[in-house]
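Worksheet for the structure shown next.
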2 protein chains.
Amino acid sequence: MPSYKLIYFNLEGRGEILRYLFSYSNIDFEDRRVEFADWPALKPTIPYGQLPVVEIDGVIYNQSLAIGRYLAKKAGLTGKSELDEIRVDALIDTIDDFFSKFPWMDTEKAKKEFMEKSSPQLLAYLEKTLGNNPWFVGDSATWADFFWDTCADSFESYVPGFAKDYPKLLALKERVKAIPTIAAWIKKRPKKSQ
Amino acid sequence: MPSYKLIYFNLEGRGEILRYLFSYSNIDFEDRRVEFADWPALKPTIPYGQLPVVEIDGVIYNQSLAIGRYLAKKAGLTGKSELDEIRVDALIDTIDDFFSKFPWMDTEKAKKEFMEKSSPQLLAYLEKTLGNNPWFVGDSATWADFFWDTCADSFESYVPGFAKDYPKLLALKERVKAIPTIAAWIKKRPKKSQ
Ligand SMILES: [Mg+2]
Ligand SMILES: [Mg+2]
């Protein structure tokens with residue numbers, strides 16, 4: 001088993017999908033949490049100057065979703081056919097596009113306005129894709145379900161109730177959080193700092 | 001062999017990586033090119049209202065990179081080990097992040113300014129990643145090389161010479177374009193409309 005060190009800030013954000021995937025697979029990992037004060041000194045040593053990165057046996061890999069896919073493959077969470085794999089990857093990228101556009105650094109008001117204006121398209125699309133199924137794709141969980149949950153938690157921390165009109169999507173979050181290995185991780189992870 | 005129909009605008013942009021991948025694998029595909037005038041009527045019928053999409057045996061799949069990865073897997077272009085697959089996916093997402101931030105709809109001046117300010121980080125990173133190797137990852141082409149070429153062509157059409165100080169990256173583009181199946185595609189594709 002390789003050794004894994006996740007390097008990210010002390011928050012959920014773009015790191016949490018990786019923590020979920022490590023936890024789901026019972027893979028031990030070092031969960032290094034960088035203080036913002038220490039980031040300027042660390043940044044030049046990190047490929048492309050962005051976190052999260054993961055060290056695998058001492059070699060640094062960047063881009064959270066590239067690492068996520070590697071972990072999801074090991075865990076059997078990428079979809080059960082080549083066509084399901086397209087669906088899973090497409091959901092990941094659709095949620096990620098939205099995550100990238102969210103005005104993280106802007107005012108509370110700007111965040112709320114962005115959500116009011118932009119989230120209905122995403123949420124309606126995701127709820128329609130889910131339909132009455134327990135999981136987005138196929139008959140078992142994939143990392144697209146996990147990613148929805150972790151991203152929604154990030155949005156929720158800034159715009160509480162943003163998905164309140166989408167009960168099926170909220171129920172999906174509960175299903176993800178009820179997976180025993182994920183539930184155990186959530187119980188033991190540091191309390192939110194954002 | 002499934003039937004494939006690519007639906008995109010009459011330009012290279014986000015569709016060209018898929019045309020490269022179809023061509024590389026000698027997969028027949030219908031190359032449907034939507035005129036901008038027809039897009040408003042078509043848009044509501046397209047998942048998430050974004051092109052490109054690909055119909056596979058009549059079922060629509062969206063998100064260009066999700067479809068690209070499916071085609072790249074079939075073609076053996078995703079990297080030769082699980083760690084190389086992370087590297088390939090990370091390059092794809094790094095280039096894609098930049099592509100998404102490029103001010104496509106803004107003025108020529110804004111495009112130039114964006115490139116002057118933002119491209120050195122990307123280009124230096126890509127050139128360092130390439131080093132003196134013929135391909136970004138491993139000892140043979142991957143779809144990350146293809147994606148660099150198609151994205152760079154899109155940038156080039158708006159900001160000519162944007163990568164002129166990066167001769168290794170320009171040579172990589174030539175290597176991609178010299179692959180016989182890609183060369184044949186480039187010879188037969190419609191002339192640029194952007
Ligand atoms: Mg993306
Ligand atoms: Mg991305």
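To find a chain, count down the sequence lines: A is the first, B the second, and so on, and within it residues start at 1.
- Interface remark: B:Leu122 contributes backbone and side-chain atoms alike to the contact with chain A (heavy atom separation under 4.5 Å).
- B:Asp149 contributes no side-chain N or O that, together with a main-chain N or O of B:Phe146, makes up a donor-acceptor pair within less than 3.5 Å.
- Side chains of A:Thr150 and A:Glu12: a donor-acceptor N/O pair is absent below 3.5 angstrom, by distance only.
- For chain A, the nearby parts of B:Tyr48 are the backbone and the side chain; heavy atoms of each come within less than 4.5 Å.
- Of the listed residues A:Glu85, A:Gln121, A:Lys128, the one with more heavy-atom pairs under 4.5 angstrom with chain B than any other is A:Gln121.
- Test B:Leu65, B:Leu91, B:Val88 against B:Phe147 for side-chain contact (heavy atoms from CB on, under 4.5 Å) and you get one pass: B:Leu65.
- Salt bridge annotation for B:Arg32-B:Glu55: absent, with no cationic side-chain nitrogen under 4.0 angstrom from a carboxylate oxygen.
- Proximity to chain A is absent for every atom of B:Pro2, based on heavy atoms less than 4.5 angstrom apart.
- Side-chain atoms of B:Lys43 come within 3.5 Å of backbone atoms of B:Gly49 as a donor-acceptor pair (strictly under, hydrogens ignored).
- Using modelled atom types and a 3.5 Å distance limit, the side chains of A:Ser140 and A:Lys80 yield a donor-acceptor pair.
- Within residues 68-76 of chain B, the residues that have a heavy atom under 4.5 Å from a heavy atom of chain A are B:Arg69, B:Tyr70, B:Lys73, B:Lys74, listed by number.
- Heavy atoms of A:Leu83 lying under 4.5 Å from chain B belong to its backbone as well as its side chain.
- A side-chain donor-acceptor contact under 3.5 Å links B:Tyr125 and A:Asn62.
- Of the candidates B:Arg14, B:Arg19, B:Lys173, B:Asp153 forms a salt bridge (Lys or Arg N to Asp or Glu O under 4.0 Å) with just one, namely B:Lys173.
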